[in-house]
Q: 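Once you've had a glance at the structure underneath, I'll fire off some questions.
To find a chain, count down the sequence lines: A is the first, B the second, and so on, and within it residues start at 1.
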There are 2 protein chains.
Amino acid sequence: MKRITIYDVAKEADVSLATVSRVINDSSVVREDTRIRVQQAIEKLGYKPNAIAQGLALSKTTTISIVMSEKLFGYNGKILNGLMDVAKIYNYNIMFHTTSRGITRMQDVIESIIKTRTDGVILFNDNFSEDELEVLQEYQIPMVVVGSKIGDTKLENVGNTYVDFEKMAYDLVNSYFEKGVEDITLLEDRLNASMLAELKKGVDKAFAERGKVFTQYVPYDESFKSSYVFLTEHFKKHAPSKLVIASRDSQAYAVLNACQEAGYKIPEDIELVCVNNNKYLTMTKPHISAYNIPEYDIGAVSMRLLTKMLVHDPSIKDNISIEMGYSFIPRGTTK
Amino acid sequence: MKRITIYDVAKEADVSLATVSRVINDSSVVREDTRIRVQQAIEKLGYKPNAIAQGLALSKTTTISIVMSEKLFGYNGKILNGLMDVAKIYNYNIMFHTTSRGITRMQDVIESIIKTRTDGVILFNDNFSEDELEVLQEYQIPMVVVGSKIGDTKLENVGNTYVDFEKMAYDLVNSYFEKGVEDITLLEDRLNASMLAELKKGVDKAFAERGKVFTQYVPYDESFKSSYVFLTEHFKKHAPSKLVIASRDSQAYAVLNACQEAGYKIPEDIELVCVNNNKYLTMTKPHISAYNIPEYDIGAVSMRLLTKMLVHDPSIKDNISIEMGYSFIPRGTTK
DNA sequence: CAGAAAAATGTAAGCGATTTCAAAATAAAA
DNA sequence: TTTTATTTTGAAATCGCTTACATTTTTCTG
């Protein structure tokens, strides 16, 4: 089965390939009647331009790579939706890469990004190291890092969309200080280390400003099947504090269930806030208070930013960072 | 910044491009000392073969497209993990496509699959129509459909991995018949229509064999924010039956919560089984009994099958279907 | 209606690899 | 040491498209 090429179309329409190419890319120079003739030939033969050949000719693949850690997979659905929708609008194809501890190292991913001559990359911020990314610089592949803030960097051509988790935690803790509550716990989350680091910074800062040291940081051992099991056990032994900050739904569940078993009342004795809103938080009794993060928008904005970088939009100079807002949704676990 | 091409390497190593190409593809013909010389040149220049050019020359992109419905996103994380891991092993790149009601129609996806000359496709079974897929046939792009069973098809070159949901439902219902329970409800799930259709077939069949007609099929209105809210309300009004089969975690939660509010005891008065196991089912009280589906394996097996089809493995003739097992995990919501 | 200007089309050179076939280098045989 | 067989290498065509530049066609002017 011979595949239809631009040459076949040219012959069918009795023009040169150049002309066919022009109508494909709707160049304005071609005359209306020949455009129609070519269009019909394309239709008739069912011709579909070969993006690979185009890519080679143009040194441009209209393809964007998304890189995320395998474990974050189920959690970033909405961000992905935002990314995909905007990519679709601008007609970009998406290459998908995952990193995982054992099988796929970041380096391999970078390697294949380069080999496939991807135009740009969206990278989920998960403790990557700058050194690994340097190769991308050599190839001048623009990148936007999504999730949490990246600090100063020597890298060029990198955008960033983030939620200010540090501020979120800082404000939250302060608001409880003002209510006279100082007994506060933050739960570790291995799934999203960079987010957690920001949260912790915020909490530490708030404590430091009051001349206190924050200590109630509950880590959990990864050998446990899930943080849920671990935390539930933990809180049966150690009474939780007045305010518990969870970073994920399962942690919030754990706190809720452990407290109920231990006979603590929520929110009377203990208040609970989850840093990531999702539907599961409204399936408990009481519903769990949470911060809502505009996930879809994060995806959409990130991709839009990248597309601008790709066409060297004049409004994009230097590395640009976009802060995404968030809102608190009070529910049954806070007073 | 000029990118390094095979030509640069050739000059550096003082050989022709042909030779460089040979060492890249470890052709056995090249002599050891020149191989080393070329290798060094590659190293020195940091040369990375251009996959696009290779793709053009070979009519082969070593790229596989994954197509799934946007809404299924968060639910298929583990399958995706399996797919990605195996793709990595065989060095395939992944193009990712989502379909969604408004923005992205299947046809557009197919169009870009063809344009990008993807070697094969993994399609999540979600009520696609055969007609849409016919174009892929013309281009002889192999495909494996994952999720649920596809019936007879005139399509060629399509593999299938599935869980026999029909049998699952059939056996489940029968086992309750044997215990004397005939009052059974199945909850609709719009998220995974093809799975639900299979389940319903199984239930219907079991009822039909006993000369009964199955009626307790609870649909839900999509205008509701989530099935959870709807079902919770529903069950406050209509008492659930002796056995409720939920197809998703949130549905199971709804049943559990509604029953608790209405004063029914689980599992004494009502038993509850969820068709898809996940971690959330062990965060309730009682834990929810469920069928465990080998999601990771489904992904891995599907991708492996596709890779075999791509190299025309002789063990693959005609369309091949692989049934994946499942197991029941009894927990607190069944007696 | 000739000549100039503008618009439309075609020619041919890339883009960066692979691969066939011929030529050169090396090894084996006489 | 020739001659012949075998390995290695290189030259050049090819994959399917874009585009600068040349050429042809059309439109406009006077």
Q: Assess whether one donor atom and one acceptor atom, taken from the side chain of B/Arg117 and the base of D/dG16, lie less than 3.5 Å apart.
A: no
Q: Ignoring the backbone of B/Arg22, work out which of D/dT18, C/dT26, C/dT20 is nearest its side chain.
A: C/dT20
Q: Using a cut-off of 4.0 Å on non-hydrogen atoms, how would the nucleic acid contact of A/Val20 be classed: base, sugar-phosphate, or nothing?
A: nothing
Q: On DNA chain C, does the nearest nucleotide to B/Ala57 precede the nearest nucleotide to A/Ser59 from the 5' side, or the other way round? Give the residue.
A: A/Ser59
Q: Could you say whether A/Asn25 or B/Ala18 is positioned toward the 5' end of DNA chain D, judged by the nucleotide with the nearest heavy atom to each?
A: B/Ala18
Q: Would you mind reading off the distance between B/Lys60 atom NZ and C/dA17 atom P, rounded to a whole angstrom?
A: 16 Å
Q: For the pair made of CZ in A/Arg3 and C1' in D/dT14, what is the distance, rounded to whole Å?
A: 17 Å
Q: For D/dT14, take OP1 and OP2 only and decide whether either is under 4.0 Å from a side-chain N or O of A/Tyr7.
A: no
Q: Mind listing the closest non-hydrogen atom pair of A/Thr34 and A/Thr19 along with its distance?
A: OG1-CG2, 4.4 Å
Q: Provide, to the nearest angstrom, the distance between the CD atom belonging to A/Gln54 and the C1' atom belonging to D/dC17.
A: 7 Å
Q: Is the phosphate of C/dT11 approached by A/Ser16 (side-chain N or O, under 4.0 Å from OP1 or OP2)?
A: no
Q: List the atom pairs, donor and acceptor, that lie under 3.5 Å between side-chain atoms in residues 74-84 of chain A and the rest of the protein, sequence neighbours left out.
A:
{"from": "A/Tyr75", "atom 1": "OH", "to": "A/Arg248", "atom 2": "NH1", "distance (Å)": "3.2"}
{"from": "A/Tyr75", "atom 1": "OH", "to": "B/Lys279", "atom 2": "NZ", "distance (Å)": "2.4"}

Q: Can you tell me if A/Arg31 touches the phosphate of C/dT9, counting only side-chain N or O atoms and a distance under 4.0 Å to OP1 or OP2?
A: yes
Q: Take atom CG of A/Leu56 and atom P of D/dT18, then tell me their distance rounded to the nearest Å.
A: 11 Å
Q: If you only use heavy atoms from C-beta on, which nucleotide in D/dT9, C/dT9, C/dA17 is closest to the side chain of B/Val30?
A: D/dT9
Q: Write down the atom of A/Gly120, the atom of A/Ile141, and the distance for their closest heavy-atom approach.
A: CA-CG2, 3.7 Å
Q: Check the distance between C/dC15's P and A/Leu58's CG and give it to me in whole angstrom.
A: 13 Å
Q: So which one's nearest nucleotide on DNA chain D is more toward 5', A/Ser21 or B/Arg37?
A: B/Arg37
Q: For B/Glu32 and D/dT8, what is the distance between atoms CD and P respectively, to the nearest whole Å?
A: 10 Å
Q: Expressed in angstrom and rounded to an integer, what is the separation of A/Ile24 atom CD1 from D/dT19 atom P?
A: 11 Å
Q: Just checking B/Thr5: base, sugar-phosphate only, or nothing, at a heavy-atom cut-off of under 4.0 Å?
A: sugar-phosphate
Q: A side-chain contact here means heavy atoms from C-beta on lying under 4.5 Å apart; do A/Tyr92 and A/Leu310 qualify?
A: yes
Q: If you compare all heavy atoms of B/Met309 against all heavy atoms of B/Gly159, which two are closest, and at what distance to 0.1 Å?
A: CE-N, 3.7 Å
Q: Which nucleotide, D/dT9, C/dA17, D/dG10, lies nearest any side-chain atom of B/Val15?
A: D/dG10
Q: Within less than 4.0 Å of OP1 or OP2 of D/dT9, is there a side-chain N or O belonging to B/Thr34?
A: yes
Q: After noting the C-alpha distance and the side-chain angles of B/Arg304 and B/Val301, does the key distance pass the side-chain contact (heavy atoms from CB on, under 4.5 Å) rule?
A: CA-CA 5 Å; B/Arg304 182 68 186 102; B/Val301 168; 5.6 Å; no
Q: Over how many whole Å does the gap from B/Asn50 atom CG to D/dC15 atom P extend?
A: 18 Å
